[in-house]
Amino acid sequence: GENVEQHPSTLSVQEGDSAVIKCTYSDSASNYFPWYKQELGKRPQLIIDIRSNVGEKKDQRIAVTLNKTAKHFSLHITETQPEDSAVYFCAASTGNAGNMLTFGGGTRLMVKP
Amino acid sequence: DVKVTQSSRYLVKRTGEKVFLECVQDMDHENMFWYRQDPGLGLRLIYFSYDVKMKEKGDIPEGYSVSREKKERFSLILESASTNQTSMYLCASSWKGGTQYFGPGTRLLVL
């Protein structure tokens, strides 16, 4: 089955700096890659996603890039703010079988004011 | 606005007890999922259901069963709770091929 690895497990940045989180996946049939943000004590919420027919997608300060050849995708957050502090999860899916997602282990991002 | 609710936020049970966790969604989603979340391991899929009375095993189904008698409701059952099932349990739902929306989670402690 699919295996998703996520790095780093923790990331600390100064407010205003950029943050990058990287994920690799194993199943070349995967074609849907969402990113979820989970604030402390809250449920995971989708922040951005990308499908395999697109190489990059941007939404204000966040962007996701996908390299299908290398089987990796990354989340980029620019001009980080304290409210960006959370755990971020990447995931991959083939889009089949009810869009089952395989999640990475998570990255705890801390933005220091 | 999508609403996914779970029956309890916190639950304390004893080893060997039968435990029921319930999830309800109000968006007429076909798919429903149960995950457990443990530090460093991300979210791991226990079971999912793509229709009423239909279920598929996820990555870690051992020790768990599920029930989906109505479209809006998906139950996770721990037949005989064990201490290694202490975890955060998250339910999610989605349309076919759509975004998964999560419930608030149930933190289960098995003593």
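Chain letters run A, B, ... following the sequence lines, proteins first and then strands; every chain starts at 1. For clarity, every value in this text was computed on a predicted model and none was experimentally measured. Excluded from the calculations below are hydrogen atoms, water molecules and symmetry mates; all remaining heavy atoms, backbone and side chain alike, are included.
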Identified side chain to side chain contact (heavy atoms under 4.5 Å, CB included) counterpart of A:Thr102 within the set A:Asp27, A:Asn3, A:Thr94, A:Val4: A:Val4
With a 4.5 angstrom heavy-atom cut-off, is it the side chain or the backbone of A:Gln45 that approaches chain B, or both, or neither? neither
Atom group of A:Pro34 that falls short of 4.5 Å from chain B, counting heavy atoms: neither
Give a yes or no on this: more than 12 heavy atoms of other residues, nucleotides or ligands lie within 6.0 Å of atom [atom1] of [X].
X: B:Leu111; atom1: CG; result: yes
X: A:Glu15; atom1: CD; result: yes
X: A:Arg43; atom1: CZ; result: yes

Tell me, out of B:Gly40, B:Pro39, B:Gly103, who's got the most heavy-atom pairs with chain A below 4.5 Å. B:Gly103
Toward chain A, the part of [X] with a non-hydrogen atom under 4.5 Å:
X: B:Arg107; answer: neither
X: B:Glu30; answer: neither
X: B:Leu41; answer: backbone

Rounded to the nearest 0.5 Å, what separation is found between the CG atom of B:Asp26 and the NZ atom of B:Lys3? 7.0 Å
